[in-house]
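Take a look at the structure set out below.
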Amino acid sequence: MSEEIIEKKANIKNEIHITYYFSILFTILGTLSVLLLLFYKMDTLSLFTVLLSISAGGLPLGVIGAFVDYKISEYKLKSSKTI
């Protein structure tokens with residue numbers, strides 16, 4: 001009984017493939033948008049400015065992208081099981 005459950009869980013993990021394409025895309029777009037905003041507001045860009053742009057725009061939007069990736073892979077898994 002327990003071997004069947006372990007085997008089913010392994011099969012489910014092998015079927016779900018999250019690509020994180022949207023995470024990378026959203027992180028890049030968030031970072032670039034904050035960098036662009038800071039570029040027009042500040043005279044020079046420093047390491048602090050780049051780190052600020054990543055933490056202020058890139059990471060939160062990257063988390064949203066990860067959620068989108070998860071939902072897409074979950075939808076693909078459900079649609080492949082119905083066929």
Side-chain angles (χ1 to χ4, degrees):
M1 178 72 176
S2 63
E3 291 177 8
E4 292 176 10
I5 294 172
I6 293 171
E7 188 175 315
K8 285 181 182 178
K9 285 183 181 179
N11 286 339
I12 289 172
K13 286 183 181 178
N14 289 336
E15 290 176 3
I16 297 176
H17 298 288
I18 300 176
T19 57
Y20 297 107
Y21 292 134
F22 283 104
S23 303
I24 294 169
L25 179 69
F26 279 38
T27 303
I28 291 170
L29 290 177
T31 302
L32 290 178
S33 63
V34 174
L35 270 175
L36 183 68
L37 178 71
L38 289 174
F39 178 74
Y40 286 117
K41 297 291 181 183
M42 300 177 70
D43 293 333
T44 60
L45 292 178
S46 64
L47 178 63
F48 173 74
T49 309
V50 173
L51 293 176
L52 179 68
S53 68
I54 292 170
S55 63
L59 292 180
L61 289 180
V63 170
I64 294 169
F67 179 73
V68 170
D69 285 324
Y70 174 74
K71 286 298 182 182
I72 288 174
S73 63
E74 188 178 63
Y75 173 75
K76 286 180 183 179
L77 182 65
K78 283 182 183 178
S79 65
S80 68
K81 284 187 176 183
T82 58
I83 294 176

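No hydrogens, no waters, no symmetry mates; every other heavy atom, side chains included, goes into these values.
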(message) Rounded at 0.5 Å granularity, tell me how far CG in Asp69 sits from CZ in Phe26.
(response) 8.5 Å
(message) Would you compute the distance between atom CD1 of Ile72 and atom OH of Tyr21 and round it to the nearest 0.5 angstrom?
(response) 12.0 Å
(request) Could you list all the side chain to side chain donor-acceptor pair (under 3.5 Å) pairs where at least one residue sits in residues 30-42, not counting sequence neighbours? (result) none
Hydrophobic clustering (ILVMFWY, side-chain heavy atoms < 4.5 Å, transitive) - are [Y] and [X] grouped together?
{"X": "Leu61", "Y": "Leu37", "answer": "no"}
{"X": "Ile64", "Y": "Phe22", "answer": "yes"}
{"X": "Leu38", "Y": "Phe48", "answer": "yes"}
{"X": "Ile24", "Y": "Leu32", "answer": "yes"}

